[in-house]
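Here the structure comes first, spelled out in structure tokens, and everything after it is commentary.
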Amino acid sequence: MGNASLKTNRLMQVVCCLQQRHWQIMSLGTMLSLAITPAALSAERIEFFVGPFEPVIWVEDLEALAEDGTVNERFRFFANRLNEQQLQELQTFLNLRLDIDLITLSQFTYWQVGERFLERMGQVVQTDSFLNGSLALRAALIAASADGDGITSLEVMQEYPLDIIQLNFPLLQQIIQENRRFFADQDKVLAQFQTVGEAEAPVLSVIPDSGALPYTGSYVWKQESLTFNNPLREGTIPFDIYLPQQTTGPTPIVVFSHGVASGRNAFVYLAQHLASHGYAVVVLQHDDNSQKYFQFLAGVDRPPNPITLVSRPRDISLVLDELERLAQTHQDYANLAVDNVGVLGHSLGGFTVLAVSGAEFNFEKIQQNCSLAERNRPSLNPSLLVQCDLIALEDQSPFQLQDDRIGAVFALNPPTSLFFGETGLAQIEIPTFLVASMADIVVPAIPEQIDAYRWLQTENRYLVAIENATHFTFLEGDLTEGALPLPGALLGPDPQQARPYLKALSLAFFNRHLLGQIDADGFLTQPYLDSLGTDLFQFSIIRNLSSN
């Protein structure tokens, strides 16, 4: 009985861990996993096997705890294994409300990625006959949101349509281990980064006292909308160009790549900022844009095709081909430096710009991790669902996606672990900048950007880790309205306070590696970032971090 008590104690400690601040700002997908993991607590009761024992937790006891902190006699066995703080945290977690409406939740759970996510988590939260509980979870989530007041994990348990929720304890332990690696030790990671960044700064350059990098530059610019063609896509494809006026000499180019279900308006503020500093900024619209997702969710279009993973980087090369053609025939574009190009992308756009910059697809790693059994394994890394789509293209490989006109790459929150892995990222030879949002639960920072940074072999490589930033921190527009609206509470702190950092870092990076401005090194340091100052975010920058 001692071993059973020890393991049960570990389970309850983990349940309490789930309401740490990294989990309180979760996006829709991770809130489902939050609702799902404690939903291992149940509609009437939860049952789970710990060795030969099968402890039971009654939902009524959790209701009493959530209401006023009451610990009923039946729950005392578990409560005695928690200290006072942990018990309070569990009470808070049970009452933690996600502001999401019925339509949005329904759309997500019937979306291809949402269905796959539920199927994975249904292996953890099972029916009383040990079958996958995904359908019951979907019913519980939708029922809990029907009153229009959002959902809590306790409400999901109360709405679970079966008397018993059978918890697959070994699978939950695997998720616990992922949580520990992805989220629980982030403070230690950030502290290490801060130390490294401060140690590197004096070696790199004289630190500037101030700078105009976050502010609008001196160039007037104009915006034009043009088109190009991609044989992998239907029809003509629109793109915007922000063109600085009255420049002298060749005008460097930066191409933007948006994420899934996003579009050309996601980074208008950054495009305008770089244009005001003399860059011609090209903003693409890929095939998996927000309009396509609107049509798919409305039932009038097909789901995204995995070939998009190839058409995306080719969009960049083909739009550069179009600019080369325009430079020869139109005076307005004659000064474009099409052989001196930077690329910047967010999320799947980050994957896109890394691929066109030389990162190679790693089909060996895809095979190892995307077999049917592995693909269905529950995980707290939702990006693996999309990365495994690459397996459908293996028969068409190899792909030649690198474009030698690219001179520097800046990737925010990119998924990398399966797409490229260590061997694929090692092929990049140009200056590379990765941004990792430490509260990102869509593309978690540690497995997708921090590990990726260690795999880079290029001499000039940068990593910025941002405490409190989410996957959506740098996006522009109302993200509560879109192809898949996001609850406002899950978008993180005020993004306006983060934008000056992105403006300064991207401009300094491209100034250094497209224009060759040595002095720009001083802006790519920890002391400079500290001088910008914000209470909501902590930015840590490092370069050349060892593989250890």
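This structure is a prediction, so every number in the text was calculated from the model and none was measured.
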Would a distance-only check, ignoring hydrogens and angles, find a side-chain to backbone donor-acceptor pair under 3.5 Å from [X] to [Y]?
X      : Y      : value
Thr352 : Leu348 : yes
Gln126 : Gln123 : yes
Thr416 : Phe420 : no
Thr92  : Gln88  : yes
Arg76  : Asn72  : no
Glu47  : Gln166 : no
Arg312 : His258 : yes
Asn468 : Phe537 : no
Thr152 : Glu155 : yes
Gln538 : Ile466 : no

Could you go through Leu384 and Asn369, starting from their C-alpha distance and side-chain angles, then the distance that decides it, and tell me whether this counts as side chain to side chain contact (heavy atoms under 4.5 Å, CB included)? CA-CA 9 Å; Leu384 299 182; Asn369 292 273; over 6 Å; no
Side-chain touch [X]/[Y], heavy atoms, less than 4.5 angstrom:
X      : Y      : result
Glu394 : Ile366 : no
Phe117 : Ser134 : no
Glu44  : Ile164 : no
Phe256 : Val353 : no
Leu344 : Val409 : no
Leu502 : Thr473 : no
Leu62  : Leu154 : yes
Glu115 : Leu118 : no

Identify the heavy atoms of [X] and [Y] that sit nearest to each other, and give their distance.
X      : Y      : value
Leu284 : Arg264 : O-CG, 3.2 Å
Met157 : Val59  : CB-CG2, 4.4 Å
Ala445 : Ser437 : CB-O, 3.6 Å
Leu456 : Leu434 : CD1-CD1, 4.1 Å
Ala452 : Leu425 : CB-CD1, 3.5 Å
Gln526 : Ile541 : OE1-N, 2.9 Å

How long is the straight-line distance from [atom2] of [Y] back to [atom1] of [X], given to the nearest 0.5 Å?
X      : Y      : atom1 : atom2 : result
Leu270 : Phe410 : CG    : CZ    : 8.0 Å
Phe539 : Met438 : CZ    : CE    : 13.0 Å
Phe351 : Leu390 : CZ    : CG    : 6.5 Å
Phe361 : Gln387 : CZ    : CD    : 11.0 Å
Leu90  : Gln85  : CG    : CD    : 12.5 Å
Phe433 : Arg543 : CZ    : CZ    : 9.5 Å

Using a 6.0 Å cut-off, check whether atom CD of Gln368 has over 12 heavy atoms from anything other than its own residue.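 Buried by this count: over 12 neighbours within 6.0 Å.
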For [X] and [Y], does a side-chain donor sit closer than 3.5 Å to a side-chain acceptor?
X      : Y      : answer
Gln86  : Gln91  : no
Ser417 : Glu448 : yes
Asp440 : Thr470 : no
Asn362 : Thr423 : yes
Ser257 : His286 : yes
Asn381 : Ser379 : no

Tell me whether the rings of Phe267 and Tyr269 are parallel (<30°), tilted (30 to 60°) or perpendicular (>60°).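 Judged by the thresholds at 30° and 60°, the geometry between Phe267 and Tyr269 is tilted.
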List the steps, then state whether side chain to side chain contact (heavy atoms under 4.5 Å, CB included) holds for Leu141 with Ile151. CA-CA 8 Å; Leu141 288 162; Ile151 61 174; 4.0 Å; yes
Regarding Lys365 and Glu422, does a basic nitrogen lie under 4.0 Å from an acidic carboxylate oxygen?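 Salt bridge absent between Lys365 and Glu422.
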Pairing of Glu60 and Arg74 as salt bridge, 4.0 angstrom limit: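 Yes.
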Is there a side chain to side chain contact (heavy atoms under 4.5 Å, CB included) between Ser540 and Val464? Walk through the geometry before answering. CA-CA 5 Å; Ser540 300; Val464 161; over 6 Å; no
Going through the checks in order, is the side chain to side chain contact (heavy atoms under 4.5 Å, CB included) test met by Thr432 and Leu354? CA-CA 9 Å; Thr432 302; Leu354 291 171; 4.2 Å; yes
So, for Tyr453 and Tyr462, is the gap between ring centers shorter than 6.0 Å?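 Aromatic pair excluded; centres sit 6.0 Å or further apart.
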